[in-house]
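Chain letters run A, B, ... following the sequence lines, proteins first, then strands; residues in each count from 1.
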Protein chains: 2
Amino acid sequence: MTPPDTRTQLLDAAEHLFAERGFHGASIRAITDLAGANLAAVGYHFGSKAQLLTAVVLRVVEPINAAQSAGLDKLLARTPDPEVTELVEAFAGPLFDEMATADEGGARKSRLIMRILGDPAEEMREWPGPAEDTVRDRYLAAFAHALPALSANELWFRIRGILAVAAVDRVDVHNGQPPPGRSSAAARRWAITFLTAAMSAPPTGT
Amino acid sequence: MTPPDTRTQLLDAAEHLFAERGFHGASIRAITDLAGANLAAVGYHFGSKAQLLTAVVLRVVEPINAAQSAGLDKLLARTPDPEVTELVEAFAGPLFDEMATADEGGARKSRLIMRILGDPAEEMREWPGPAEDTVRDRYLAAFAHALPALSANELWFRIRGILAVAAVDRVDVHNGQPPPGRSSAAARRWAITFLTAAMSAPPTGT
DNA sequence: GTCTATAGAACGATAGAC
DNA sequence: GTCTATCGTTCTATAGAC
């Protein structure tokens, strides 16, 4: 049980506070205080507050991408024509798994991702993010194959719907507490049901 | 064509900047500059930056609530047992209508709502919001009646899914531009298809 | 109702001792 | 790698003239 190093403590504290208050709302002072580190530590370890943010985001996003990618590999190794529900499970499942660390860490990540999704400019834009684009493109192709009647635009709309439902999960609409009677395991299953039906809907008629 | 008064110009500018940069990222200076008003104008007209935010949010949310409420009234006046697709249309439709002012005003409101959804504490919490709670409860009852097999918790999960899909609409995942080939009219119809199928899914088995 | 001017606090970043 | 000290900037809020 070696104690976490300062760098990790800073990442933890920053993940918490960026999710809770946003980038501008979380000061370096608040982050270093929560991390039990010195004010100058952010500059030393990450260079700037903005670079700390990208490090935090990468740490949250990378395992999700890896799990999504591995899930698709596994699916395609078994059959060239996966079911819609299998694709939904492989794509949306990791979003819930990674955000379901029992404690409030899941809701925190969920909020962080929502903030990034909704942020058009914030110091977020320089973030590389080629990995998740690749993963998304691969799922786009797989869904297009499973749902050949759907136009590319409507398919894209639906995939963004998956992201939306997953991102908003565990973020309460009106206050900080999760809705009553929610366990993340149940939410995960509800989401698969909800999203499989949604993805499988026939194309919208003109 | 009377020119808008300072108060309205401040609300417009604040709506823009809060959506674009978040509450902490939008300074009073930036807001008053964009509004063509004086730095002291926010204090005079709204008392504080936080109260300006609640005024902005109320102005965005109120017409949506009113349209949702009127839509449900109209539906229930016609039949005591509306279809799921009609309920989805009445609930989700106004979210798209109010956010579809052709120009980028829609995306702006969409982003603002996303920020509020994802914000557990921000100066948002004191906001009264009894109206939208009432509307949501009425739809909850109507959906429960149309989908009697669904548990209250799973139904609640699904209604939040509607909000998620609507809120994320027109917010691009990775940069400020809307996805290719999107018109808000098409997005509205795609969403009704997507969400009707999702709401109509059978309950998740245990 | 609009302006100038400023108080008072918090901010990000960094230089330099240890 | 960690600390103190501080620079220069920006922030919200408000007092008071017009």
Side-chain angles (χ1 to χ4, degrees), chain A residues 1-59 112 115-116 119 121-127, chain B residues 1-59 112 115-116 119 121-127:
Chain A
M1 212 53 182
T2 66
D5 59 0
T6 299
R7 203 190 135 88
T8 303
Q9 302 244 101
L10 285 172
L11 285 170
D12 291 342
E15 179 181 308
H16 190 146
L17 291 174
F18 284 151
E20 219 70 18
R21 310 183 192 169
F23 179 76
H24 297 287
S27 69
I28 289 187
R29 285 171 164 81
I31 291 166
T32 50
D33 280 2
L34 183 61
N38 186 271
L39 173 60
V42 164
Y44 177 78
H45 285 282
F46 299 95
S48 71
K49 186 183 174 185
Q51 287 170 276
L52 170 60
L53 174 63
T54 74
V56 166
V57 171
L58 279 179
R59 196 180 62 155
L112 183 66
R115 287 203 192 264
I116 297 159
D119 217 313
E122 211 150 295
E123 281 66 2
M124 202 15 53
R125 288 305 137 216
E126 76 248 25
W127 155 36
Chain B
M1 210 57 180
T2 64
D5 59 1
T6 299
R7 202 190 136 89
T8 303
Q9 301 244 106
L10 285 173
L11 285 169
D12 290 342
E15 179 181 309
H16 191 146
L17 291 174
F18 285 151
E20 219 70 18
R21 309 184 193 171
F23 178 75
H24 297 286
S27 68
I28 290 187
R29 284 171 160 81
I31 291 166
T32 50
D33 280 0
L34 182 62
N38 186 270
L39 174 61
V42 164
Y44 177 78
H45 286 282
F46 299 96
S48 72
K49 187 184 172 184
Q51 286 169 278
L52 170 60
L53 174 64
T54 75
V56 166
V57 170
L58 279 180
R59 196 180 62 156
L112 183 67
R115 288 204 191 263
I116 297 160
D119 217 313
E122 210 151 297
E123 280 66 3
M124 202 18 51
R125 287 305 138 217
E126 76 247 22
W127 156 38

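In this structure, a donor-acceptor pair under 3.5 Å is absent between the side chains of B/Q51 and B/T54.
Taking atom CZ on A/R29 and atom P on D/dC11, their separation rounds to 16 Å, with Å as the unit. If you measure from atom CD of A/Q51 to atom P of C/dG12, you get 15 Å, rounded to the nearest angstrom. Atom C1' of nucleotide C/dA13 and atom CG of A/L53 are separated by 17 Å, given to the nearest angstrom. Nucleotide D/dC18 holds its P atom 16 Å from the CG atom of B/N38, rounded to whole Å. The NZ atom of A/K49 sits 8 Å away from the C1' atom of C/dC11 (whole-angstrom rounding). Remark: C1' of D/dG16 and CG of B/L39 are 15 Å apart, rounded to the nearest angstrom. What separates CD1 of B/I28 from C1' of C/dT2 is a distance of 16 Å, to the nearest Å. Across the protein-nucleic acid pair, A/Y44 atom OH and D/dG1 atom C1' stand 5 Å apart, rounded to whole Å.
In this structure, A/T32 and A/V42 have side chains that are in contact, with non-hydrogen atoms separated by less than 4.5 Å.
Nearest-nucleotide positions on DNA chain C for A/A30 and A/A40 put A/A30 closer to the 5' end. Residue whose closest nucleotide on DNA chain C sits further toward the 5' end, between A/G25 and A/G47: A/G25.
Taking only side-chain nitrogens and oxygens, A/S27 never comes nearer than 4.0 Å to OP1 or OP2 of C/dA10. Between A/H24 and the phosphate of D/dC11, there is no side-chain N or O to OP1/OP2 separation shorter than 4.0 Å. Residue A/T6 places at least one side-chain N or O closer than 4.0 Å to OP1 or OP2 of D/dT2. A close approach under 4.0 Å does not occur between any side-chain nitrogen or oxygen of A/S48 and OP1 or OP2 of C/dG12.
The backbone N or O of A/G43 lies less than 3.5 Å from no partner atom in the side chain of A/K49, so there is not a single donor-acceptor pair. Between the B/R115 side chain and the B/F18 main chain, a donor and an acceptor come within less than 3.5 Å of each other.
A salt bridge is defined here as a Lys NZ or Arg NE, NH1 or NH2 lying under 4.0 Å from an Asp or Glu carboxylate O, and B/R59 with B/D12 meets this definition.
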